[in-house]
Amino acid sequence: MRFLLTDEQREFGRSLDALLGAADTPAVLRAWAAGDHGPGRALWGRLADAGVFALAVPEAYGGVGPLPVEAAVACVELGRHAVPGPVAETLAAGVLLAGAGGPVAEEWLPGIASGAAVVSLTLEGYGPYAPDADAADAVFTVTGDELRLAPGPGEPSASADPARRLFRPEPGGAPVAKGPAIRAAARAAGDTAAFATAALALGCGEELLRATVAYVKQRTQFGVPVGSFQAVKHRLADTLLGLEFARPLLYGAAVELASEVSRPGAGAGAGAAEGSPGAGAGSAEGSSGAGAAVAAAKVAAGEAGYAAARTALQLHGAIGYTEELDLAWWLRRARPLRDVWGTPSACRARVLAG
């Protein structure tokens, strides 16, 4: 079995890195946190043109997915560059709506794939908050076997990451789909959100480590770079090990998700849109078999990203926590990424349950 990325997948990652490297994401983050979503939506559109959001949308709705491995490659790069917006939630919404099928899928999935629609959502068991709901074109909520379109984003709540604001969606809203397929689709969407968040956390940790290594090579103490001190080397090595151990778990989860999609009877989301009874539940239910692998990737990547933030904060010293330092946006993002869509304790429990 081949576990290495293909040349095409690696080139996809490099192209996204180049695109985002030229986008001045710290400026986009500052604007997003201040309530100006224009630069962020423009960047979102360029990412959509590169095919990022189509990766979670079936071909029947204008996408190219689901392609979990490519989605992992993309989200690692988006995490490395701290792209603002409900990235994991929009990808998860693609899975949710494909599983639901029917008119709601026909209305929203083409827009998700093209980047015209930014979507947030809440699912039972993952908390009441919809990240960046104020910037979203739609906020979906799932309660039991009902999928609803929230009438509004609701009131904001405090967030450790000012560029990832939290909202409690307004209650109510007419159901746009209901039935057993919604429960199954919600389970698949939860796995997708956790998986995408794990990739974002891994990318965030990688950037924190890169910036910290560069800094300790420049900062001097007693006439030598602080990076030459053994204690600093050990701390950085431990951080690198955590990130490198998380990487194969992330791509292992991607392989598990891809195998669930490709198994006989999966990927029937388009059938649901065409009125096939019960269609769409197949791929959603199948994702539960990959749930333990996703949970393992989420806890490993989340903990590794947060450890990288703690290392970066300590080794940057007194400037590490200042908002003037661009790295502060990555530092603030690491812990929320660790905890959202599955806390470490919840993920460990899911791994143990198999």
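Since the model is a prediction, treat every value here as computed from it, not as a measurement.
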Next item on the list: For the residue pair Leu200 and Trp341, establish whether any side-chain heavy-atom pair is separated by less than 4.5 Å.
Entry: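 Of all side-chain heavy-atom pairs linking Trp341 with Leu200, none is under 4.5 Å.
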Item checked: Any donor-acceptor N or O pair under 3.5 Å, side chains Trp108, Asp137 ->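 Asp137 and Trp108 do not have a side-chain donor-acceptor pair below 3.5 Å.
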So how far is it from [X] [atom1] to [Y] [atom2], rounded to the nearest 0.5 Å?
{"X": "Arg333", "Y": "Trp329", "atom1": "CZ", "atom2": "CH2", "answer": "9.0 Å"}
{"X": "Leu123", "Y": "Arg187", "atom1": "CG", "atom2": "CZ", "answer": "11.5 Å"}
{"X": "Ser159", "Y": "Leu166", "atom1": "OG", "atom2": "CG", "answer": "4.0 Å"}
{"X": "Leu337", "Y": "Lys298", "atom1": "CG", "atom2": "NZ", "answer": "7.5 Å"}
{"X": "Cys204", "Y": "Arg332", "atom1": "SG", "atom2": "CZ", "answer": "13.0 Å"}
{"X": "Asp161", "Y": "Arg335", "atom1": "CG", "atom2": "CZ", "answer": "13.0 Å"}

Same cluster or not: are [X] and [Y] linked, directly or through other Ile, Leu, Val, Met, Phe, Trp or Tyr residues, by side-chain heavy atoms under 4.5 angstrom apart?
{"X": "Leu121", "Y": "Phe167", "answer": "no"}
{"X": "Val299", "Y": "Leu352", "answer": "no"}
{"X": "Leu208", "Y": "Leu241", "answer": "no"}
{"X": "Leu91", "Y": "Val294", "answer": "yes"}

Check: So, the side chain of Thr343 versus the backbone of Asp339: is there a donor-acceptor pair under 3.5 Å, distance only?
Finding: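 No; judged by distance alone, with no hydrogens or angles, the pair does not exist.
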Notebook entry, point to check: Take atom CD in Glu11; do more than 12 heavy atoms of anything else shown fall under 6.0 Å from it?
Noted result: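 Above 12, so yes.
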Please report, to 0.1 Å, the donor-acceptor pairs under 3.5 Å made by any side chain of residues 228-238, with sequence neighbours excluded.
unit_1 : atom_1 : unit_2 : atom_2 : d
Ser228 : OG     : Pro225 : O      : 2.6
Arg235 : NE     : Thr311 : OG1    : 3.0
Arg235 : NH1    : Gln314 : OE1    : 2.2

Notebook entry, point to check: Less than 4.0 Å between a side-chain N and a carboxylate O, is that true for Arg30 and Asp24?
Noted result: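 Looking at Asp24 and Arg30, the cut-off is not met.
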Checklist line | Salt-bridge present (Glu303, Arg338; N to O < 4.0 Å) | finding: yes
Margin query: Please enumerate all residues that pass side chain to side chain contact (heavy atoms under 4.5 Å, CB included) together with Thr90, with sequence neighbours excluded.
Written below: Trp44, Phe53, Pro86, Ile112, Val118, Val119
Let me check something: any side-chain donor-acceptor pairs from residues 245-252 under 3.5 Å, sequence neighbours excluded? List them with distances.
unit_1 : atom_1 : unit_2 : atom_2 : d
Arg247 : NE     : Glu244 : OE1    : 3.4
Arg247 : NH1    : Glu206 : OE2    : 2.6
Arg247 : NH2    : Glu206 : OE2    : 2.6
Arg247 : NH2    : Glu244 : OE2    : 2.8

